[in-house]
Enquirer: 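One structure, pasted below without further comment.
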2 protein chains.
Amino acid sequence: MGRLQHELKKKRPFDSPEQEALLNIMRTNDRFQNRFGKLFRDFGLTNSQYNVLRILRGEGRPLPCLEIAERMVQVVPAMTGLLDRLEKQGLIARNRCTEDRRVVYVELTVAGKKLLDQLDVPVDELHRRLVGHLTPEELRRLSRLLEKARLSLDEPAG
Amino acid sequence: MGRLQHELKKKRPFDSPEQEALLNIMRTNDRFQNRFGKLFRDFGLTNSQYNVLRILRGEGRPLPCLEIAERMVQVVPAMTGLLDRLEKQGLIARNRCTEDRRVVYVELTVAGKKLLDQLDVPVDELHRRLVGHLTPEELRRLSRLLEKARLSLDEPAG
DNA sequence: TGCATTTAGTTTACATGTCAGCTATCGACA
DNA sequence: TGTCGATAGCTGACATGTAAACTAAATGCA
């Protein structure tokens, strides 16, 4: 009996290798997200909030809401509230674009950058704690398999 | 430049193979969850609701709330509302245990079983559409790598 | 110019998750 | 018997996600 089957107390084996792989992806993600959530909570952030800050720092310049939403696989409406809370915490600032007044630019504040920088070491440590026991070769294989899995999303019918 | 890096419009390469693998897991999970969400929505269900029904059918007997929560990696408080909505839809029934009056048994109703059975074929089709382009060997390798990744969760410090 | 279409964001309604704290009940043990 | 600690579940507060409908602004094109 496989490890996942045991974890889920499943009585019967999986219907297919496809089902087993998908359940493994979801299970692994849930558990790992949980760990990151606990780390970020200590710094007053949620996973999504950290994600927004990280995107802004990576870009190094203000970004429109939609650009941020795209990189997070998230629907736009959710961004509004997310940004509201980050703004209230003083971690980001919003400025309406003068050329196209529909656009709202979001930028990292000094406080936001500072908080993010504080998180770099703990985040990296957590990365290693969670998957550092896999060899670099295994990590690369895992990444390649997941990227191949996502190819199905590009298909029109997909 | 890797596929994930391109998807995320990331300018710089990943800090580590650990980070890349973790982001790949999260990204893949998000996109796939989305697809399942759309399928279940057509049947008036959410991912979590389907998960509960599936667990109950797999077990074939009533289960206490906590047992269900455990298998879903979910915290108890969330279960209450989830079960409320499933009960309101007539898909499950709750009975308080007579021996231990703290325990509430949850069981699948006939309507719940029927709805679930209707979903079997579409769900299996979606499984194949999402990851059916990987060979059985690749799917097994992916599952084994994810299971190995989760081993870190068992460690006391983990 | 003038209107239809598109685009960027927001609002609203609802289902999830997370935590902290509460109630009811059970079991053990003095 | 009576009380204390553990267990099962619920409530309330808050942050996320999803969809649908809406506002405001820009664009295309007659």
Side-chain angles (χ1 to χ4, degrees), chain A residues 26-27 29-53 62-89 91-92 94-106, chain B residues 26-27 29-53 62-89 91-92 94-106:
Chain A
M26 296 175 192
R27 175 84 173 179
N29 182 73
D30 271 353
R31 304 297 298 266
F32 286 177
Q33 288 279 2
N34 234 290
R35 294 308 174 94
F36 281 104
K38 287 194 171 102
L39 170 60
F40 295 143
R41 196 158 33 248
D42 293 341
F43 290 78
L45 291 176
T46 64
N47 290 14
S48 295
Q49 288 175 355
Y50 174 79
N51 205 345
V52 170
L53 299 183
L63 281 180
C65 296
L66 278 190
E67 289 264 335
I68 303 176
E70 262 176 37
R71 302 185 198 196
M72 295 181 67
V73 197
Q74 259 178 15
V75 180
V76 191
M79 285 303 304
T80 303
L82 189 54
L83 295 178
D84 283 347
R85 282 177 284 272
L86 283 170
E87 192 175 22
K88 198 188 300 178
Q89 288 184 72
L91 303 175
I92 61 160
R94 281 197 267 207
N95 303 300
R96 198 164 279 275
C97 174
T98 48
E99 293 100 50
D100 186 339
R101 296 182 42 71
R102 291 171 306 179
V103 178
V104 173
Y105 277 111
V106 181
Chain B
M26 296 175 192
R27 175 85 174 179
N29 181 73
D30 272 352
R31 303 297 299 266
F32 285 178
Q33 288 280 1
N34 235 290
R35 294 308 175 94
F36 280 105
K38 287 195 171 101
L39 170 61
F40 295 143
R41 201 171 309 120
D42 293 340
F43 290 78
L45 290 176
T46 63
N47 291 15
S48 295
Q49 289 176 355
Y50 175 79
N51 205 345
V52 170
L53 298 183
L63 282 181
C65 295
L66 277 189
E67 288 263 335
I68 302 176
E70 261 177 37
R71 303 185 198 194
M72 294 182 68
V73 198
Q74 260 177 14
V75 182
V76 192
M79 284 303 303
T80 303
L82 190 53
L83 295 178
D84 283 347
R85 282 176 283 272
L86 282 170
E87 193 175 21
K88 199 189 299 179
Q89 290 184 70
L91 302 175
I92 62 161
R94 279 197 268 206
N95 303 299
R96 199 164 278 275
C97 174
T98 48
E99 293 99 52
D100 186 339
R101 295 182 42 71
R102 289 170 307 180
V103 178
V104 173
Y105 277 111
V106 181

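All chains are named by letter (A, B, ...) in the order of the sequence lines, taking the proteins before the strands, and each is independently numbered beginning at 1. Predicted model, so just to flag it, every value in this text is computed and none were measured.
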Enquirer: Any non-hydrogen side-chain atom of Arg102(A) less than 4.5 Å from a side-chain atom of Cys97(A)?
Expert: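 Of all side-chain heavy-atom pairs linking Cys97(A) with Arg102(A), none is under 4.5 Å.
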
Enquirer: Using a 4.0 Å heavy-atom cut-off, does Glu99(A) contact any base of the nucleic acid, only the sugar-phosphate backbone, or nothing at all?
Expert: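 Counting heavy atoms under 4.0 Å across all strands, the contact made by Glu99(A) is with sugar-phosphate only.
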
Enquirer: Are any non-hydrogen side-chain atoms of Ile68(B) and Gln74(B) less than 4.5 angstrom apart?
Expert: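 When only atoms from C-beta onward are counted, Gln74(B) and Ile68(B) do not touch, as no gap falls below 4.5 Å.
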
Enquirer: Within the 4.0 Å heavy-atom criterion, would you say Asp30(A) contacts the bases, only the backbone, or no part of the nucleic acid?
Expert: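 Answer is nothing: Asp30(A) stays at 4.0 Å or more from every strand.
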
Enquirer: My understanding is that only residues two or more places apart in sequence, or in another chain, count here; which of them pass side chain to side chain contact (heavy atoms under 4.5 Å, CB included) with Pro77(A)?
Expert: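 So Pro77(A) forms a side chain to side chain contact (heavy atoms under 4.5 Å, CB included) with Val75(A).
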
Enquirer: Should Arg94(A) and Asp84(A) count as side-chain neighbours, where that means a heavy-atom distance under 4.5 Å?
Expert: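 Yes, side chains in contact.
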
Enquirer: So do Leu83(B) and Cys65(B) actually touch side chain to side chain, heavy atoms under 4.5 Å?
Expert: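 Yes, close enough: below the 4.5 Å cut-off.
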
Enquirer: What is the per-nucleotide protein-contact pattern of nucleotides 8-13 of chain D, from the 5' end, where B denotes a base atom under 4.0 Å from a protein heavy atom, S denotes such proximity for sugar-phosphate atoms only, and - denotes neither?
Expert: SSBBB-

Enquirer: Provide the start and end nucleotides, 5' to 3', of the part of DNA chain C that has atoms under 4.0 Å from heavy atoms of chain B.
Expert: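 Using the under 4.0 Å cut-off, the span is dA15(C) to dC26(C).
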
Enquirer: How many Å lie between CD on Gln89(A) and P on dC14(D), as a whole number?
Expert: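 Between P of dC14(D) and CD of Gln89(A): 14 Å.
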
Enquirer: Considering residues at least two apart in sequence or located in another chain, which fulfil the side chain to side chain contact (heavy atoms under 4.5 Å, CB included) criterion with Asn47(A)?
Expert: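 Here the qualifying residues are Gln33(A), Phe36(A), Phe40(A).
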
Enquirer: With sequence neighbours excluded, tell me which residues meet side-chain hydrogen bond (donor to acceptor under 3.5 Å, both in side chains) with Asn34(B).
Expert: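 With neighbours one apart ignored, the set is empty.
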
Enquirer: Could you check which residues of residues 41-52 of chain A get a heavy atom under 4.0 Å from DNA chain D? Sort them by number, please.
Expert: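 Contacts with DNA chain D under 4.0 Å: Thr46(A), Ser48(A), Gln49(A).
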
Enquirer: Provide the closest heavy-atom pair for Ser48(B) versus Met72(B) in the form atom of the first, atom of the second, distance.
Expert: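 Taking every non-hydrogen atom into account, O-CE, 3.7 Å.
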
Enquirer: Heavy atoms only: give me the nearest Gln49(B)-Gln89(B) pair and the separation to one decimal.
Expert: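 Looking at all heavy atoms of both residues, the closest pair is OE1-NE2, 3.6 Å.
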
Enquirer: Compare all side-chain heavy atoms of Leu66(A) with those of Val76(A) and state whether any distance is below 4.5 angstrom.
Expert: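 In short, these two side chains touch, coming nearer than 4.5 Å.
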
Enquirer: Atom NZ of Lys88(A) and atom C1' of dC14(D): how far apart are they, to the nearest Å?
Expert: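 Rounded to the whole Å, the gap is 10 Å.
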
